[in-house]
Each structure stands twice: as structure tokens, then as C-alpha cells.
2 protein chains.
Amino acid sequence: MTAGARPARRGRPGHAREDVIRAGVELFNEQGYDATSVSDLTGRLGLTKSALYHHVDSKEQILQIALEDALGGLEQALADALQQPSAAERLQTIIRGAVRVLTDRQPQVTLLLRLRGNSEIETAALARRRRFDRTVTALMREAQSEGLVRSDLDAGVATRLIFGMINSVVEWYRPDGPVDPDLLREEILRVALGGLAART
Amino acid sequence: MTAGARPARRGRPGHAREDVIRAGVELFNEQGYDATSVSDLTGRLGLTKSALYHHVDSKEQILQIALEDALGGLEQALADALQQPSAAERLQTIIRGAVRVLTDRQPQVTLLLRLRGNSEIETAALARRRRFDRTVTALMREAQSEGLVRSDLDAGVATRLIFGMINSVVEWYRPDGPVDPDLLREEILRVALGGLAART
DNA sequence: GTCTATAAATGGATAGAC
DNA sequence: GTCTATCCATTTATAGAC
């Protein structure tokens, strides 16, 4: 438990900051950020408020750390997609990458997708999310120009619909559930490009 | 102002219950239900808490009325779909019907889709929503059996993906925005069945 | 690293006058 | 139908002992 390569748990026993963050994000997702009190969180962790505030500066800091994790993952996926050589590959790569981030970091992304902009931290995160959305819309428009995606549909609407489908995965996907994330990723890509209809 | 056919505004002037509900739902959607205080609401309406409580029994009652509106609309759309003569028409009708309810009652449905189950009213609404989802999944399965929808995809996953796409409309559609709701409805149906890919 | 105790503000809701 | 004033529970967060 004193760790090998990873210097995870230095010093005395008790709760680590990491545990507090994880439990906080979990609870925020179950009840909503605003509906979750610090007492709720200490109740679940089995410690007092003072002890909790020894690990984190504020309730909002827990949110901030989770949002950074979610946004960092999505931005990295977008950077990867932008390096692809063709418009088709760029679009496919961002769709696959986004689904992978959603399944890998479901709790953090869930928080991001539910933000309302009620504080500076929330509005800053929403601004980063909008930047991501704009770049993805540009990829969609590019795919339309090259004839890969139908053009009888506004690129913004198309992006919102497809990412609406992708993002909704956080509402039901669970890592320990029956759905395999790798299969899901390919299924989403197929439904996004080819739709539900049976091949005729 | 004393109304003709509709006995809308009986008695003295001032705010009507209807105004309070509408403003409340609007504010709940902007900030989240839990993040919205009764003071926020009285601030927007320009009256005091006591005056507001003359119109409604509680903050939660505003939520309840909105949820009934959303669920009633979705359940009616489902009843209409179930009366269609073929599986193909039943599936298409519930997709079109759901989109119509989302655009017609965007604020109310938005509240429904964001519920976390933090009170008895919320859990009751979520139970009704799950019942709706189960029936739609049965329609999807039926469409698969008849060869209308590809069967290399679990009916539950397919329903979640398509309704994830449909439901995401509440996040950006606005009645006074640039997107025509009738066109959007047909575009969603086309993307759901045929996907984004250009016809080859 | 955790505790008891408490501060200071805000939450939803009510009493009773006008 | 709206007001002032208030109740009481709960909120986030801190002080200081162990």
C-alpha cells in the first residue's frame, strides 16, 4: 500500500484528496451540483466538514477539477482529429474520440454537459465547450463540402444532432454495465453516418 | 383586458398564477431548479415572496405543473403512435410526435429531461418517463422484427441513441430562433433513419 | 488528518396589516 | 394582490483543540 512506481498515498492514512474529488463528482451527478450539500458529501465519506475542507478549498473546486478533466480530454480528442489527413478521417476521428472520452470519463463529462453557467468557473468551462463545438461544426462543414455528408442540412444543426446523440451516452452508459465501449463507439459511428434503417 | 371567451384574468390586476409559473419555469431552465431561489423568482417578477406565495403553494408546485405538461404531451404523442396501423408508421409517428412536443413545450420538457429524482415529485415524474421510454423501445424492437430497422444493434441502445438525439433539441432550439420546427422534425426523421452520409 | 463548535448568510415559507 | 417583518432550518466555510 506504500506504492511502487506511483507515489499515490504519501504520509498518514485517512482520506486522500483524490477520494474526496471522486466521491464529490459521483454525488454531484446523482443529485445535481446545487442540490448536493457539503454535508451530503461528508456523510458519504464518513468525515466532518472541517476534515473535508482540509482536502479541498471549496465545493466548487471539486467541480472545477472535474471540468478540467472533461474539457482536457475533449480538447485532446479534437487535436488528434485535426491531425488526420482527410476530412472524412477528421470527422470520424472526432466522433470516435468524443465517445471514447465520454465512456472513459463519464462522471466528469456528465458534469460538464449539465452546466448552467451559475458561476465564473461554470461560464469559463462553457466557453471552452462552445469553442470545441465550433471547431467540430467546422469539421462537419468541411465534410459537407467534400460531399461526404449530405448538404441539405445546416452544418450547425447536423453537429448538434449528432453530438446530441453522442453526449446522451453519459445518461445511461456505465463502465460496469452490459454495453462494451468499443462496440458502442463503432455503433454510434454507423448510426451517425448510416442511420437506423436496415440496408435494403 | 377583461377577456372575451377566455376568463383569464378575473378580479384585480397584478400578477396571475400563469405568469408566475411561466417565469419560474424560465428561470429554472436558465439556472437549474435547485440553483434558483424563490428570491430570484420574485426579483424577476418584481414582487415579494409573500405575494408570490399567494399564487402558488410552493416552489416545487411550479415544477410539478411544468412536468405534468411535458409528460402529458409525450404520453399523448405515444398514444397517437400506438394507433397507427403499421410498425413503420408507429415508429415514425412517435419520433415526429416527440420532436413536436419538444419544440411546442421546450421549457417544460427541458425541466423533465434534467430531473435527478431529488423529491417524491421528481421520482414520480421519472417513473412516468421511464414508462414512456420502455414503450418506445418496444416500438423499436417491433420495427426491427419487421426488418425496417437494422437488427445488429440492441433495441434499447438504438432507442437511447435516437432519443438522445431528439431530446438534445431542447438544449438549443428556441421558438423565436432561425430553425423552423416543421423542417427540423423532418430532418431529424431523415437523419435518424438514413444517417448523415451523402447518398451515393 | 480529524474533531467540536460556531459564524454569517441564505434557503423556503408564514403571519398579519393594508 | 401585495406588503413588512419574521421564523427556523440549512447552507458554505472557518477557528482552534487534539
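These values consider heavy atoms only, across backbone and side chains, with no hydrogens, waters or symmetry-generated copies. In the text below, chain A, chain B and the rest are named by the order of the sequence lines, each starting its count at 1.
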Pair B:S86, B:E89: side-chain N/O donor-acceptor within cut-off below 3.5 Å: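 Side chains of B:S86 and B:E89: pair found under 3.5 Å.
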N or O in side chain of B:H54 less than 4.0 angstrom from C:dT14 OP1/OP2: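 No.
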side-chain N/O B:T48 vs D:dT2 OP1/OP2, d < 4.0 Å: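 No, because none of the side-chain N or O atoms of B:T48 sits under 4.0 Å from OP1 or OP2 of D:dT2.
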Nucleotide N/O to protein N/O under 3.5 Å, stretch nucleotides 15-18 of chain D:
residue : atom : partner : partner atom : Å
D:dA15  : N6   : A:S50   : OG           : 2.5

Residues in ring-ring contact (aromatic ring centres under 6.0 Å, His included) contact with B:F163, at least two apart in sequence or another chain: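 Partners of B:F163 under the ring-ring contact (aromatic ring centres under 6.0 Å, His included) test: none.
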Can you tell me which residue pairs pass the salt bridge (charged side-chain N to carboxylate O under 4.0 Å, His left out) test with a partner in [range], sequence neighbours excluded?
{"range": "residues 53-66 of chain A", "value": "none"}
{"range": "residues 35-53 of chain A", "value": "A:E26-A:R44, A:E30-A:R44"}
{"range": "residues 172-183 of chain B", "value": "B:D182-B:R185"}

Where do N or O atoms of nucleotides 9-12 of chain C meet protein N or O atoms at under 3.5 Å, pair by pair?
residue : atom : partner : partner atom : Å
C:dG12  : OP1  : B:T36   : O            : 3.3
C:dG12  : OP1  : B:V38   : N            : 3.4
C:dG12  : OP1  : B:K59   : NZ           : 3.0
C:dG12  : OP2  : B:V38   : N            : 2.7
C:dG12  : N7   : B:K49   : NZ           : 3.1

Student check: side-chain heavy atoms of A:T159 and A:D133 closer than 4.5 Å: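 Sidechains of A:D133 and A:T159: no contact.
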Pair B:R22 + B:D19, salt bridge at N-O below 4.0 Å: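 Yes.
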N-O pairing of B:E187 and A:R150 below 4.0 Å: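 Salt bridge: no.
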